[in-house]
Amino acid sequence: MTTGYVFHPEYLWHDTGTSAGLLPANPPAGIQPAVHIENPEAKRRAHELIHVSGLLAELTVIEPRRATMAELLRVHTGDHVQHIKTQSDLRGGGDAGDGFSPVGPGSYAIARLAAGGLIELVTAVARGEVTNGYALTRPPGHHATADLGMGFCLFNNIAVAARHAQAELGLTRIAIVDWDAHHGNGTQSIFYTDPNVLTISLHQAGCFPPDSGWIRENGAGDGTGYTINVPLPPGTGHAGYLHAMTEIVLPALERFAPDLILLANGFDANVFDPMARQMLTADSYRAMTRMLTDAADRLCHGRLVAAHEGGYSPFYVPYCTLAFLEELAGTTTRVTDPLAAVVAEYAAEPLRPHQKAVIDEAAQLVSRIGAHEIAAAP
Ligand code: 9RB
Ligand code: ZN
């Protein structure tokens, strides 16, 4: 068993400039500029820790390439791709669509390298060159819709890789699990009517985008039942997420029987994240990853491909990433979570009744997966 790893220094060159936390900086209005919240630091440190811990030596490094126009157009409109290119050609950069998604000078090429990196990784997995893999990419992708960049995302990397897997690699049924703290609205919208792509998003209710990611958003047309949202209350921790994995994600995957599992791997549900209010620890990511690799082993020859999404604590994201990647590779390193003692109290956060209520309600949707085919069978 081998684990593929995609990284490129250009991912760190995607220049998001300044911001004031959530808001664009605006000195005349008294909004002080600071380094943009989606900056390279957490990702640079994660990559360095992967190297220094010795884990990198156990991985199969896969070189990214830029996604082609045809590959992007499987998901995005020509107007959107052109818009990103035009903004990227501006000397001072521009915005991908919603006013919260900076496009730095040259970010068009970097965003293509992110989407193409995931394509190369999925290809290596499909060919059996590696069992599973991780793409530590930037910019992120899960908020980007067919025609709009949103929430720091330019192109929807996971969606581009999923369509490539279907079109070129013979992997038809694809499950996309998204445990970023924010709703995977872009991915949801792209596959909303498609019964061959199951999307499951676990996120903090109402965090971002506004009014998005509710249980009632359950797919449409032929895709009815193939979108599942679990809007977890703020404050959900290890026990709550594990309950959601056990009661929803795992049974949904069993029912769907995918050829490939993709993971939108945001680390912003950790307890130190400035952009969300969930309470996961590095050990939580390890446990959740173990559940997914076990499911992938049972259902699709271990084929699990993850893409980096959010995660904004430069000091904790690296340890969450290492725990995740160790588990993916089925190994450990000499580096353990140095904050484990500090987070022990948080880690003990139990499943609260209001969290259980949401999870149990969303779990009702699992039986809708494949209900058509089962009803239609003689
Ligand atoms: C503001 C708004 C946000 C909020 C959160 C994210 C997180 C992205 C992420 C991005 C942009 C809105 C400040 C809407 O980590 N995804 O995984 N912007 N939020 N309106 N206003 C005024
Ligand atoms: Zn996020």
Side-chain angles (χ1 to χ4, degrees), residues 11 14 16-26 29-43 46 94-103 107 111 114 118 135-145 148-159 176-190 199-214 229-232 234 236 241 262-280 284-285 288 306-314 316-317 320-321 324:
Y11 294 153
H14 166 55
T16 47
T18 60
S19 81
L22 287 182
L23 297 169
N26 187 350
I31 304 175
Q32 297 167 280
V35 108
H36 194 280
I37 188 87
E38 201 294 291
N39 63 68
E41 200 56 10
K43 283 126 280 202
D95 191 90
D98 67 344
F100 301 108
S101 307
V103 178
S107 283
L118 210 55
L136 210 177
T137 42
R138 226 180 133 253
H142 72 148
H143 295 307
T145 68
L148 195 70
M150 280 181 70
F152 316 150
C153 301
L154 280 53
F155 298 131
N156 196 309
N157 305 319
I158 285 235
I176 302 178
V177 177
D178 185 330
W179 63 38
D180 185 281
H182 304 94
H183 178 221
N185 64 294
T187 320
Q188 165 174 311
S189 69
I190 289 161
T199 64
I200 310 174
S201 181
L202 311 185
H203 47 267
Q204 181 181 321
C207 191
F208 184 84
D211 200 22
S212 179
W214 305 111
N229 282 304
V230 191
L232 298 165
T236 302
Y241 271 83
L262 296 175
L263 172 66
N265 189 19
F267 290 112
D268 44 15
N270 86 65
V271 68
F272 297 111
D273 200 274
M275 294 291 280
R277 287 295 172 272
Q278 304 301 52
M279 296 179 66
L280 299 184
S284 313
Y285 285 101
M288 288 158 54
H308 200 90
E309 298 284 354
Y312 307 98
S313 165
Y316 202 50
V317 164
C320 296
T321 310
F324 159 78

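We count residues from 1, following the sequence as given. In each ligand, atom 1 is the first atom listed, and ligand 1 is the first ligand listed.
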Counting non-hydrogen protein atoms only, what is the nearest one to [atom]? Give residue, atom name and distance.
| atom | value |
| --- | --- |
| atom 16 (N) of ligand 1 | His143 NE2, 2.6 Å |
| atom 13 (C) of ligand 1 | Leu22 CB, 3.4 Å |
| atom 10 (C) of ligand 1 | Phe152 CZ, 3.4 Å |
| atom 15 (O) of ligand 1 | Tyr312 OH, 2.5 Å |

Worked verdict on Ile158 versus Ile176 for side-chain contact (heavy atoms from CB on, under 4.5 Å): CA-CA 8 Å; Ile158 285 235; Ile176 302 178; 3.7 Å; yes

Rounded to 10 degrees, the angle OD2 of Asp268 makes with OD1 of Asp180 at the Zn ion (ligand 2): 110°

Heavy-atom donor-acceptor pair, Asp95 side chain to Ser101 backbone, under 3.5 Å: yes

Glu38 near ligand 1 by a heavy-atom separation under 4.0 Å: no

Met275 to ligand 1, any heavy atom closer than 4.0 Å: yes

Validation row, ring centre Phe208 to ring centre His203 under 6.0 Å: no

Proximal ligand 1 atoms for Gly151, defined as those under 4.0 Å from one of its heavy atoms: 8 (C), 10 (C)

Under 3.5 Å side-chain donor-acceptor pair for His36 and Thr18: no

Ring geometry between Phe267 and His308 (parallel below 30°, tilted from 30 to 60°, perpendicular above 60°): tilted

Pairwise distance CG(Asp268) to CD(Glu38) - rounded to 0.5 angstrom: 10.5 Å

Atom pair CZ (Phe155) and OG1 (Thr145), whose distance is rounded to the nearest 0.5 Å: 12.0 Å

His182 backbone or side-chain N/O/S under 2.8 Å from the Zn ion (ligand 2): yes

Residue pair Trp179, Asn265: steps toward the side-chain hydrogen bond (donor to acceptor under 3.5 Å, both in side chains) verdict: CA-CA 6 Å; Trp179 63 38; Asn265 189 19; 2.8 Å; yes

Per-residue contact class, Asp98 against ligand 1 - non-hydrogen pairs under 4.0 Å: neither

Shortest reach to atom 3 (C) of ligand 1 by a heavy atom, considering only Phe100, Phe208, Phe267: Phe208

